[in-house]
Amino acid sequence: MRMLSLLGNGIALAALPVLAVAQIPPDFARKAQMGAPAAISANATITHIDAAGKAVHIIRQGTNGFTCSLIPDESAAPFCADAQGWQFLADAFTGKPKPTSTAPGIGYMAAGGMHHETPDGEIVMAPGANTKMVQEPPHWMLLWPIDPATSGLPTKATGATYIMFAGTPYAHLMIYQDPKTLKL
């Protein structure tokens with residue numbers, strides 16, 4: 001299997017079929033860059049993952065170790081992540097059973113996003129019969145499996161910080177703070 005190096009530090013995503021450039025919307029890169037403060041997104045790699053999570057295309061190679069894209073679901077929310085964070089998210093988007101990242105990563109969603117929520121407020125990774133889409137404010141994420149039992153953090157989006165996808169290998173810390181206000 002051929003490997004595509006998406007980042008300069010050796011983290012790679014298994015090669016997937018590459019989309020033709022013509023299939024990627026012309027404003028994709030501009031929208032993807034909205035995921036992080038300009039100080040990060042201006043020099044980030046820009047990638048496109050198809051809606052089925054089965055193809056990736058590098059639109060622009062970056063120089064700072066961050067990758068920006070749009071979440072490949074109905075939200076098309078922009079996000080940017082460092083090398084470890086990108087690997088964590090790419091694994092989730094391509095259906096890997098658990099993340100292959102080897103250290104915590106950081107991700108930004110400066111334009112906010114959406115999540116699927118059950119009637120009792122549980123946040124789930126995929127839509128279901130009784131789920132609804134819920135808007136998220138701008139936030140950043142610590143992308144590393146976090147256990148709510150040992151951290152004591154909530155698992156519902158009722159405050160500024162919580163664990164998203166608790167009970168799954170993709171549990172991670174969500175911090176509702178606009179990344180554009182961070183001093184980088």
Side-chain angles (χ1 to χ4, degrees), residues 1-96 99-101 105-116 125-127 131-141 143 164-165 170 172 174-182 184:
M1 180 180 296
R2 197 180 93 209
M3 298 295 279
L4 250 185
S5 179
L6 293 179
L7 305 167
N9 69 355
I11 291 181
L13 178 64
L16 301 167
V18 175
L19 289 175
V21 174
Q23 294 175 302
I24 298 171
D27 61 346
F28 185 91
R30 180 188 60 76
K31 288 180 179 176
Q33 285 182 269
M34 294 169 58
I40 291 172
S41 63
N43 295 309
T45 295
I46 305 293
T47 63
H48 178 276
I49 301 172
D50 80 350
K54 301 200 184 301
V56 66
H57 180 74
I58 298 174
I59 296 170
R60 179 187 81 200
Q61 186 65 49
T63 58
N64 66 0
F66 280 81
T67 300
C68 298
S69 192
L70 299 179
I71 293 184
D73 66 10
E74 62 273 20
S75 73
F79 71 93
C80 296
D82 68 359
Q84 293 291 334
W86 168 255
Q87 190 64 50
F88 186 97
L89 293 168
D91 288 345
F93 299 149
T94 58
K96 294 218 179 355
T100 59
S101 50
I106 190 164
Y108 298 102
M109 292 186 74
M114 303 284 286
H115 66 253
H116 301 282
M125 292 184 71
T131 61
K132 64 179 179 177
M133 290 291 286
V134 176
Q135 183 73 42
E136 297 167 344
H139 60 277
W140 59 281
M141 303 165 283
L143 298 162
M164 178 178 259
F165 305 140
Y170 290 99
H172 62 277
M174 297 279 289
I175 301 106
Y176 284 172
Q177 176 186 19
D178 189 341
K180 293 176 189 161
T181 65
L182 298 173
L184 301 174

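All residue numbers in this chain count up from 1 along the given sequence. Just so you know, these numbers use all the heavy atoms, side chains as well, and skip hydrogens, waters and symmetry mates.
Atoms OG and CG, from S41 and N64 in turn, are 9.0 Å apart once rounded to the nearest 0.5 Å. Between the OG1 atom of T67 and the CD1 atom of I46 there is a distance of 8.0 Å, given to the nearest 0.5 Å. Note: N43 CG to F66 CZ = 11.0 Å, rounded to the nearest 0.5 Å. Separating the CD1 atom in I59 from the CZ atom in F28 is a distance of 5.0 Å, to the nearest 0.5 Å.
Heavy-atom minimum distance, A42 versus Q33: CA-NE2, 3.6 Å. Between A110 and K180 the shortest heavy-atom distance is CB-CE, 3.8 Å. What you find for P179 and P37 is that their closest heavy atoms are O-CG, 3.2 Å. The two residues F93 and I49 make their nearest non-hydrogen contact at CD1-CD1, 3.9 Å. Heavy-atom minimum distance, C68 versus A32: CB-O, 3.6 Å.
Qualifying side-chain hydrogen bond (donor to acceptor under 3.5 Å, both in side chains) partners for E136, counting only residues two or more places apart in sequence or in other chains: H115. When the side chain to side chain contact (heavy atoms under 4.5 Å, CB included) test is applied to A77, the partners found at least two apart in sequence or on another chain are I71, S75, M109. For T181, the side chain to side chain contact (heavy atoms under 4.5 Å, CB included) partners are Q177, D178, not counting sequence neighbours. With sequence neighbours excluded, no residue satisfies salt bridge (Lys or Arg N to Asp or Glu O under 4.0 Å) with R60. Looking at residues two or more places apart in sequence or on another chain, you find a side chain to side chain contact (heavy atoms under 4.5 Å, CB included) between Q135 and M114.
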Criterion side-chain contact (heavy atoms from CB on, under 4.5 Å) on M164 and M141, from CA distance to verdict: CA-CA 10 Å; M164 178 178 259; M141 303 165 283; 6.0 Å; no

Before you tell me yes or no, could you show the steps for Q84 and L143 under side-chain contact (heavy atoms from CB on, under 4.5 Å), namely the whole-Å CA-CA distance, both residues' side-chain angles and the distance that decides it to 0.1 Å? CA-CA 8 Å; Q84 293 291 334; L143 298 162; over 6 Å; no

Given side-chain contact (heavy atoms from CB on, under 4.5 Å), test K132 with H116 step by step and report yes or no. CA-CA 5 Å; K132 64 179 179 177; H116 301 282; over 6 Å; no

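The backbone N or O of T47 sits less than 3.5 Å from a side-chain atom of S69, completing a donor-acceptor pair. With D82 contributing its side chain and G65 its backbone, the two residues share no donor-acceptor pair below 3.5 Å.
The shortest distance between side-chain heavy atoms of T45 and Q61 falls below 4.5 Å. Residues K31 and P78 fail the side-chain proximity criterion, which asks for heavy atoms closer than 4.5 Å.
In this pair, F88 and Y170 present their aromatic rings perpendicular. The plane angle is above 60°, beyond the 30 to 60° band.
Applying the salt bridge (Lys or Arg N to Asp or Glu O under 4.0 Å) test to every pair with at least one member in residues 38-47, sequence neighbours left out, gives no pairs at all.
For CE of M34, the number of neighbouring non-hydrogen atoms (other residues, nucleotides, ligands) closer than 6.0 Å is 12 at most.
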